[in-house]
Amino acid sequence: MSTKLSQAIVFVSVGVALIVISSLLSSAGHTDISAILLNLGLVSVAVILVEYLWGTSGGNPIERQISTLSSEVTRLSETVDIVDSSKRVGLDDIYDCQANFGTQAEWEDVIRNAEDRVDIMGRTLFGWTRSTEFCQLIKRKVLNDGVEFRWLIMSENNKYLPLLTEEDINIGSILGEKLKEVKRRIKKAYDELPENKKHLIQVREFEDVPLYCAITRVDELFYVSPYLYSASSDGSPMLKVRGARSPWGQRYIKEFETIWENSTDVFSPVRTET
């Protein structure tokens with residue numbers, strides 16, 4: 001017999017006994033004591049009846065509310081921990097995939113808001129140069145705002161290029177053609193700049209690095225997409241990091257600068273004092 005059932009039998013037995021004694025005392029004229037014992041007996045029986053009703057209807061509502069509240073507090077506490085950790089490292093937002101960040105126009109707005117620098121690293125960066133408006137935007141940012149652009153792309157001679165795949169399809173040759181077109185379009189924008197502004201567009205290519213992620217830095221903002229073997233670039237998750245001095249900001253700056261220093265100029269700008 002369970003402990004809970006034993007306790008219920010005891011309460012009912014005591015309650016019934018008190019009611020019987022109350023009745024006897026009432027017959028003997030002891031009305032005050034009889035009333036007290038009757039109330040105690042009824043309370044004892046009522047407790048068991050209420051407990052039974054709560055059990056058949058899903059349990060004590062107060063206990064359920066307390067349990068629900070406890071779960072919510074735990075969940076909120078975990079959420080607060082995640083938010084605090086995100087803030088500490090500089091994580092500002094996350095996207096399930098890069099394609100869901102926005103349209104080409106929205107990416108252009110990111111560049112349009114640049115005040116000082118734009119560093120872009122990727123396999124080809126072909127997506128940036130598909131729009132002729134984007135190349136015009138680069139020139140306007142250089143000429144009007146003095147924004148410095150650094151492009152870091154794979155070399156057509158990169159030893160890892162022929163090995164690259166997306167969704168089980170080899171994309172090495174496709175990327176090779178895109179790289180040629182990207183360099184042609186950036187060079188066109190570069191050639192149209194006055195000599196004293198050409199140094200603000202720099203392009204380098206790397207031959208000995210497989211590249212594990214794409215990084216777009218616009219002043220204090222970083223957009224980072226890891227390259228996945230099983231997904232296209234657009235299908236890869238993307239992180240938005242805020243703060244060049246944040247822990248993650250520092251990591252991505254170091255990643256970019258390390259590869260930049262080990263890369264070759266596509267065209268060497270001639271610096272001219274303004």
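Side-chain contact between Lys183 and Ile153: present, with at least one pair of heavy atoms (C-beta onward) separated by less than 4.5 Å. Inter-residue side-chain proximity for Leu143 and Pro194 is flagged as met; some heavy-atom pair is nearer than 4.5 Å. Taking 4.5 Å as the limit, some side-chain heavy atom of Phe206 sits within range of a side-chain heavy atom of Leu152. When side chains are defined from C-beta on, Glu255 does not count as touching Val224, because their heavy atoms never get closer than 4.5 Å. Counting only heavy atoms from C-beta outward, the side chains of Val209 and Asn262 never approach each other to under 4.5 Å. Inter-residue side-chain proximity for Glu181 and Thr124 is flagged as unmet; no heavy-atom pair is nearer than 4.5 Å. Taking the side chain as every heavy atom from C-beta outward, Phe149 and Ile111 approach each other to under 4.5 Å. Proximity of Lys178 to Met154: side-chain heavy atoms (C-beta onward) are nowhere separated by under 4.5 Å.
Taking the six-membered ring for Trp and thresholds of 30 and 60 degrees, Phe256 and Trp260 have nearly parallel ring planes, at less than 30 degrees apart. Ring orientation note: the planes of Phe101 and Tyr223 are nearly perpendicular, at an angle over 60° on the 30°/60° scale. The aromatic rings of Trp151 and Trp128 lie perpendicular to each other, with more than 60° between the two planes, well past the 30° mark.
Here CG of Leu175 is found 10.5 Å from CG of Asn158. Values are rounded to the nearest 0.5 Å. The CG atom of Asn170 lies 7.5 Å from the CG atom of Leu163; values are rounded to the nearest 0.5 Å. With rounding to the nearest 0.5 angstrom, the CE atom of Met238 is 12.0 Å from the OG atom of Ser233. Here the CE-CZ distance, from Met121 to Arg204, works out to 14.0 Å after rounding to the nearest 0.5 Å.
Listed here is the closest heavy atom pair of Glu108 and Leu137: O-CD2, 3.5 Å. Of all the heavy atoms in Pro237 and Leu228, the pair that sits closest is CD-CD1, 3.6 Å. Closest of all the heavy-atom pairs between Leu211 and Ile259 is CD1-CD1, 3.9 Å. A pairwise comparison of heavy atoms in Ile171 and Arg123 identifies CD1-NH1, 4.0 Å as the closest pair. Of all heavy-atom pairs between Ser155 and Glu205, the closest is CA-OE1, 3.7 Å.
For the salt bridge (Lys or Arg N to Asp or Glu O under 4.0 Å) test, residues two or more places apart in sequence or in another chain that qualify with Asp109 are Arg112.
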Open item on the list: For a side-chain contact (heavy atoms from CB on, under 4.5 Å) check, start with the C-alpha distance between Gln202 and Glu148, then their side-chain angles and the critical distance, and finish with the verdict.
Closed with: CA-CA 8 Å; Gln202 300 178 56; Glu148 179 181 3; 3.0 Å; yes

Open item on the list: Would Leu200 and Leu193 count as a side-chain contact (heavy atoms from CB on, under 4.5 Å) here? Give the steps.
Closed with: CA-CA 9 Å; Leu200 294 177; Leu193 291 173; 5.8 Å; no

Open item on the list: Go through it in stages, so that I can follow the logic: the residues are Leu239 and Trp248, the test is side-chain contact (heavy atoms from CB on, under 4.5 Å), and I'd like the CA-CA distance, side-chain angles, deciding distance and then a yes or no.
Closed with: CA-CA 10 Å; Leu239 308 175; Trp248 280 11; 3.9 Å; yes

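Both Ile94 and Trp107 are assigned to one and the same hydrophobic cluster, defined by single-linkage of ILVMFWY side chains at heavy-atom distances under 4.5 Å. Ile174 and Leu164 are members of different hydrophobic clusters when ILVMFWY side chains are connected at heavy-atom separations under 4.5 Å.
Among the candidates Ser236, Ser225, Ser232, the single residue satisfying the side chain to side chain donor-acceptor pair (under 3.5 Å) test with Gln98 is Ser225.
With Lys198 contributing its side chain and Tyr190 its backbone, the two residues share a donor-acceptor pair below 3.5 Å. Looking at Arg242, its side chain never comes within 3.5 Å of a backbone N or O of Asp92 through a donor-acceptor pair.
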Side chains of residues 213-222: which donor-acceptor partners sit under 3.5 Å, not counting sequence neighbours?
unit_1, atom_1, unit_2, atom_2, d
Arg217, NE, Asp219, O, 2.9
Asp219, OD1, Asp116, N, 2.9
Asp219, OD1, Arg117, N, 3.0
Asp219, OD2, Glu115, N, 2.7
Glu220, OE1, Ala244, N, 2.9

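In Arg150, the CZ atom is crowded: over 12 heavy atoms of neighbouring residues, nucleotides or ligands sit closer than 6.0 Å.
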